[in-house]
Amino acid sequence: LVVSVARVDPEKRPFDAIEIVRKAHAKVPQLKFQWIGTGTLLEKARAYASDHPYITFTGFVDEMTKWRALTEAAAFIFTSEREGFGTTIAQALLAETPVITYDLPVHRSIFDDTIIYAPCFDIQAFSEQLLRVLLHPEPYRDMAKKGRNLVEEKYSTRAFGDRVETALYTMISAERHRPQYSSYRVVK
Amino acid sequence: MVVSNTYQGRGIGRMLVEACVNYASMQGLSKITLEVYRENTRAIKLYRSAGFKIVESSPDTFRMSLNLERLGDERNLSRKRLRLLAVVNDPASGVYGCTKMFLTMCNILAERGHLVTVITRAGGLSGRSMKSKHYHEIPLEATGRTVWGGYIFLLKGLLRQLQSIQDHDIVITAGYEAFPSFFLGRLSHKKTVHLHYDVYPLSNFLKSRGLASKIITFLSWLSATLSLKNADLVLSISPYTSSLLVGGGWTKRPVVTIGEPIET
């Protein structure tokens, strides 16, 4: 099972995902693909994929169903062309599922070498990366485990809360110690 | 660390030390070590007052060290309860992206005992997908999805902000609708924090269709830009976004990368 979790919107490039999976399916016929999420292109994507019964656009599902799919998946693919953070990548890593994305700088800045990159919008290269993960999963599972540690260490709600709190306290404390410039004498 | 003779005695050294300590804490470091000449008694006094202790000495110098983990515990004991007012001006208040992250951040801070008030769309994200809501919510009725509906919603939000602002110390805004709330925060002499999720104003502008939509996109971009330039603190979603904000000259204010909270 290969999974993607994202809105079915143009910037997430769902049709790239269909093509990537279609190419990989030619080599691994037992492959199944689920795109979880809803969006403006949902019906169009369903129609486009209707010739390929191994591809499902599930629409919106509850958190439990999403988590189950992430844990069962052999790979998580993410074809988005722009991203603020990439929450679902982090969720896939928590499930220790190897992640393949386009090589966007934002992904590198957050997930570093714990996910697998394909050159931006190169469907052929992405599909080859997916095949590598499906056919030789071991090293990629280790990568995902490393990713899980990274997410737990840096992006858990506790770590996040600590960072925000510290930033707010620092802002307040910086103000307390800010010198009163107006009281200074200008020395020429 | 050195302060020019002309500027000594004005608290600059203390500010530098505090900035170092805060930066190191935020990076998750556990200890800071420094070396200082024995005769530099003023500096030694400053470091001692910041909590540094002498751990080693040589004929010329002292080595001093500060345990940041212990300092963190002490700070937690004496920490002040923050009073935050968050304004979500987006009438759509979607389930995804910036709004979700913004409200989750508010919830985490409220769960930690801070007073957090959120002005947001009634029945929006917080009503549907937040498991347990710890912050206090001021709900605003939606005013339709037209451009004018959006403006009316914005004005309603600002009016509610004016009513609540005196009970809070910090105004947090987010996204491209931030500036009016930010501006009211500034007028009321509150600290202002801007949460920035992404930096795609140009592509949003190009993608928008029709003159009205282009004007809205432009105003949104202007709104975010003004907030970014003037906020007391900018919180950014990823190291990449931070580097764009700082490197691209979007802001000269302190930028802290906070990432996104993931339920583990």
Side-chain angles (χ1 to χ4, degrees), chain A residues 6-7 9-11 37-39 60 62-63 67 81-91 93-94 104-112 148 150-181 183-184 187, chain B residues 6 10-12 14-15 18-19 22-23 25-26 28 72 75-76 79-80 82 84 95-98 100-101 104-105 107-109 111-112 114 129 131 169-170 172 191 193 195-200 203 207 232-233 235 237-244 254 256-264:
Chain A
R7 275 177 288 125
D9 279 348
E11 75 239 33
T38 185
F60 181 81
D62 61 72
E63 283 295 307
W67 178 248
E81 66 184 30
R82 52 181 264 186
E83 209 55 46
F85 184 83
T87 314
T88 55
I89 295 178
Q91 288 169 339
L93 289 175
L94 278 181
L104 303 179
V106 65
H107 294 328
R108 283 206 184 258
S109 80
I110 295 166
F111 302 106
D112 198 16
R148 182 191 167 92
L150 179 136
V151 172
E152 283 183 338
E153 196 182 302
K154 289 181 86 171
Y155 301 110
S156 65
T157 46
R158 187 194 162 120
F160 173 87
D162 286 349
R163 263 198 304 276
V164 177
E165 242 181 7
T166 308
L168 294 173
Y169 281 129
T170 305
M171 174 184 73
I172 287 172
S173 112
E175 179 62 22
R176 208 170 53 236
H177 296 295
R178 187 178 288 175
Q180 298 298 309
Y181 294 106
S183 66
Y184 289 158
V187 182
Chain B
T6 325
R10 298 181 181 187
I12 294 170
R14 182 171 302 283
M15 283 168 68
E18 282 188 6
N22 285 330
Y23 179 76
S25 310
M26 280 154 68
R75 279 184 179 182
N76 282 343
R79 69 196 194 125
K80 184 187 169 199
L82 300 170
L84 303 117
V95 177
Y96 300 99
C98 185
K100 181 173 184 184
M101 192 265 168
T104 309
M105 179 180 81
N107 213 32
I108 290 170
L109 288 169
E111 207 174 354
R112 289 175 169 231
H114 302 295
S129 70
K131 272 184 209 154
D169 308 312
I170 300 170
I172 301 194
K191 289 271 159 292
V193 178
L195 170 69
H196 206 74
Y197 199 77
D198 59 16
V199 189
Y200 299 109
S203 64
K207 277 183 183 174
D232 291 296
L233 172 70
L235 301 176
I237 194 78
S238 73
Y240 177 65
T241 308
S242 299
S243 68
L244 285 181
V256 176
T257 306
I258 54 171
E260 196 164 316
I262 306 292
E263 204 70 59
T264 54

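What you see below is based on every heavy atom in this structure, not just the backbone, and it leaves out hydrogens, waters and symmetry mates. Below, chains carry the letters A, B, ... as their sequence lines are ordered, and counting in each starts from 1. Just so it is clear, the model here is predicted, and its values are computed rather than measured.
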Asker: Mind ranking B:Ile258, B:Ile170, B:Ile108 by heavy-atom pairs under 4.5 Å with chain A and telling me who comes out on top?
Answerer: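 Looking at each of B:Ile258, B:Ile170, B:Ile108 in turn, B:Ile258 comes out on top.
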Asker: What's the separation between atom CG in A:Leu93 and atom CG in A:Leu150, rounded to the nearest 0.5 Å?
Answerer: 8.0 Å
Asker: Identify, with sequence neighbours excluded, every residue that meets salt bridge (Lys or Arg N to Asp or Glu O under 4.0 Å) alongside A:Arg108.
Answerer: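 A:Asp103.
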Asker: Out of A:Thr87, A:Val151, A:Ile110, which one racks up the most heavy-atom pairs below 4.5 Å with chain B?
Answerer: A:Thr87
Asker: State, with a plain yes or no, whether a side-chain heavy atom of A:Thr166 is found less than 4.5 Å away from one of A:Arg163.
Answerer: no
Asker: Quick one: list whatever passes side chain to side chain contact (heavy atoms under 4.5 Å, CB included) with B:Ser243, sequence neighbours left out.
Answerer: B:Tyr240
Asker: Is chain A contacted by the side chain of B:Leu233, its backbone, both, or neither, given a heavy-atom distance below 4.5 Å?
Answerer: both
Asker: Do A:Glu83 and A:Ile89 come close enough that some side-chain heavy atom pair is under 4.5 Å?
Answerer: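 A side-chain contact under 4.5 Å is absent here.
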Asker: Could you tell me which of B:Thr6, B:Leu109, B:Leu235 has the largest number of non-hydrogen atom pairs under 4.5 Å with chain A?
Answerer: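 The candidate making the most pairs under 4.5 Å is B:Leu109.
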Asker: Checking B:Thr257 against chain A: side chain, backbone, both or neither under 4.5 Å from a heavy atom?
Answerer: backbone
